[in-house]
Amino acid sequence: MKLRRSMMFIPGSNAGMLSNSYIYKPDSVMFDLEDAVSLTEKDTARHLVFNTLQTNLYDGIETVVRINGVDTPFWEDDLDMAVRGGVQIVRLPKTESVDDVKEIEQRIEKIEKDCGRKAGDTKIMAAIESACGVVNSVAIARSTPRMVAIALAGFDYLVDMQTSRSAGSEPELFYARAAVLHAARAAKIDAFDVAYGDVNDDAGFLREVEIAKNLGYNGKSLIHPRQIDLLHKAYAPAQKDIDHARQVLQAAKEAQEKGLGVVSLNGKMIDPPVIHEAQRVILLAENA
């Protein structure tokens, strides 16, 4: 079971951040070659990210590279660098259809073969950033066994919807959040909620985290290290939930030791999804 609570964006052209962001211990880091990098710095950023991937700085932290879109002249060089560099996940921006995913999947297969990486080793994350992407999110999420997560990107989505972010419950994002999350669950993959832009507004950030957590999102995209600890603490389960999870796992262990096909706790049947949820709660508690 992989925790994906936090995915921190790191500009691919920022050598300082590339060299030290591991100290903040996010669950995942996303080296960005797209929006955070100017046109004149694309080659430099690609070189810096490749060198970073070749180090052991991020051991224990999942590595993601956001390539440029397939409608740009940069994406093939980005993808070649990322796969050869050993990245774990490639994030495809502005994903709108299965065809977008299949195009990079075919290219990844070729690069893996050329550089000797195990077939299927490089995973994919699709970023949903438009109305079209939201509508097609189920097909996108199910498009390939390489797909491990989908992420909702709020800014471009809201521009496409001809609206902007509001305070409070943010009704303008509700449908997209629900649709993308349902797509992830239907495909049995993870889902990341939108990034929160105001790094000085802890209250607003935590309000959004609570929305994402209550909906069922695995985690959230982040743009600043200070948000990591806030997010991890917010995702930590309550003590009563931890206690119950331990009881469930103990009951399951005792049933297995006795060779029983049925697990029960306090007279109630416990099915595999309940046991799986108990394992997730303990994992969250241990990593809070």
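Computed from a predicted model, the values in this text were never measured in an experiment. Note that these values count all heavy atoms, side chains included, but never hydrogens, waters or copies made by symmetry.
Taking hydrophobic clusters as Ile, Leu, Val, Met, Phe, Trp and Tyr residues chained together by side-chain heavy-atom distances below 4.5 Å, V135 does not share a cluster with Y157. Cluster annotation: M17 is connected to F50 through the hydrophobic network of ILVMFWY side chains, with a link wherever side-chain heavy atoms come within less than 4.5 Å. Hydrophobic clustering (ILVMFWY, side-chain heavy atoms < 4.5 Å, transitive): V65 and V83 are in one cluster. F155 and M161 fall into different hydrophobic clusters, where Ile, Leu, Val, Met, Phe, Trp and Tyr are joined by side-chain heavy atoms under 4.5 Å apart, directly or via other members. Under the 4.5 Å side-chain heavy-atom criterion for ILVMFWY residues, a single connected hydrophobic cluster contains both V29 and Y22.
Looking at N51 and H47, their side chains do bring a donor and an acceptor atom within 3.5 Å of each other. Between E105 and T144, the side chains place a donor N or O and an acceptor N or O closer than 3.5 Å (distance only, hydrogens not considered). For the 3.5 Å distance criterion, the side chains of Y196 and D201 qualify, holding a donor opposite an acceptor. A donor-acceptor pair shorter than 3.5 Å can be found between the side chains of Q239 and D243. Side-chain contact check for S166 and E172: at least one donor-acceptor pair (N or O, by modelled atom type) lies under 3.5 Å. For the residue pair E112/T122, the side-chain donor-acceptor check at 3.5 Å is satisfied. Between the side chains of N68 and K42, at least one donor-acceptor pair of N or O atoms lies under 3.5 Å. There is no side-chain donor-acceptor pair under 3.5 Å between E41 and T44.
In this structure a side-chain-to-backbone donor-acceptor pair under 3.5 Å is missing from N56 to D59. The backbone N or O of E76 sits nowhere less than 3.5 Å from a side-chain atom of D80 that would complete a donor-acceptor pair. Listed for the D160 side chain is a donor-acceptor partner under 3.5 Å among the backbone atoms of A131. Looking at E34, its side chain never comes within 3.5 Å of a backbone N or O of G69 through a donor-acceptor pair. Between the H182 side chain and the A178 main chain, a donor and an acceptor come within less than 3.5 Å of each other. When atom types are taken as modelled, the side chain of D121 and the backbone of R117 share no donor-acceptor pair closer than 3.5 angstrom. When atom types are taken as modelled, the side chain of R185 and the backbone of G216 share a donor-acceptor pair closer than 3.5 angstrom. The backbone N or O of L18 sits nowhere less than 3.5 Å from a side-chain atom of S21 that would complete a donor-acceptor pair. With hydrogens and angles disregarded, no donor-acceptor distance shorter than 3.5 Å links the side chain of D241 to the backbone of H244.
Taking both residues in full, the closest heavy atoms of A45 and S13 are given as CB-N, 3.7 Å, listed atom of the first, atom of the second, then distance. Between A288 and A236, the closest heavy-atom pair is CB-CB, 3.5 Å. The minimum heavy-atom distance linking S143 with V98 is given by the pair CB-CG1, 3.9 Å. Annotation for V209 and A234: closest pair CG1-CB, 3.6 Å, computed over non-hydrogen atoms. The shortest non-hydrogen separation linking L206 to L230 is CD2-O, 3.9 Å. Here the closest heavy-atom approach between residue D27 and residue S6 is recorded as N-OG, 2.9 Å.
Each of Q88, R4, K123 was scored for a side chain to side chain donor-acceptor pair (under 3.5 Å) with E62, with one residue passing: R4. Between E254 and the options Q250, Q256, K258, a side chain to side chain donor-acceptor pair (under 3.5 Å) holds for only Q250. For the side chain to side chain contact (heavy atoms under 4.5 Å, CB included) criterion with F192, the lone passing option out of M30, R5, K220, M125 is M125. Each of V64, L53, V87, I67 was checked for a side chain to side chain contact (heavy atoms under 4.5 Å, CB included) with F31, and the lone residue meeting it is L53.
Between V148 and D190, every side-chain heavy-atom pair lies at or beyond the 4.5 Å cut-off. Contact check for D114 versus R84: side-chain heavy atoms found under the 4.5 Å cut-off. At least one side-chain heavy atom of K253 sits under 4.5 Å from a side-chain heavy atom of E257. No side-chain heavy atom of F9 sits less than 4.5 Å from a side-chain heavy atom of L222. Here the side chains of L265 and V248 are in contact, with some heavy-atom distance below 4.5 Å. Two residues are said to be in side-chain contact when any heavy atoms from C-beta on lie closer than 4.5 Å; K94 and D71 fail this criterion. Using a 4.5 Å heavy-atom cutoff, the side chains of R226 and D202 are in contact. Considering only heavy atoms from C-beta on, M81 comes within 4.5 Å of L33 through its side chain.
No salt bridge links K102 with D99; every basic N to acidic carboxylate O contact stays at or beyond 4.0 Å. Taking 4.0 Å as the cut-off between side-chain N and carboxylate O, R91 and D32 do not count as a salt-bridged pair.
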Exercise for the section: Evaluate the criterion side-chain contact (heavy atoms from CB on, under 4.5 Å) for residue pair I108 and I124; output intermediate values, then yes/no. Expected result: CA-CA 10 Å; I108 288 172; I124 296 173; 4.0 Å; yes
Handout entry: Derivation and outcome, side-chain contact (heavy atoms from CB on, under 4.5 Å), residues N287 and L283
Key = CA-CA 6 Å; N287 288 274; L283 184 62; 3.4 Å; yes
Exercise for the section: Dump the intermediate steps for side-chain contact (heavy atoms from CB on, under 4.5 Å) on I282 and R246, then the final yes or no. Expected result: CA-CA 8 Å; I282 296 301; R246 286 174 176 160; 3.7 Å; yes
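When ring centroids are compared, Y235 and Y217 stay outside the 6.0 Å threshold.
Atom CD1 of I128 sits about 15.0 Å away from atom CZ of R177, to the nearest 0.5 Å. For the atom pair CD (E277) and CD1 (I270), the distance works out to 13.0 Å, reported to the nearest 0.5 Å. Here the CG atom belonging to L92 is positioned 7.5 Å from the CE atom belonging to M147, to the nearest 0.5 angstrom. Between the CZ atom of F205 and the CG atom of N200 there is a distance of 13.0 Å, given to the nearest 0.5 Å. From I61, atom CD1 reaches atom OH of Y24 across 12.0 Å, with rounding to the nearest 0.5 Å. Put simply, CD1 on I228 and NZ on K233 are 13.0 Å apart, with the number rounded to the nearest 0.5 Å.
Counted within 6.0 Å of NZ on K213, heavy atoms from surrounding residues, nucleotides or ligands total more than 12; the atom is thus considered enclosed.
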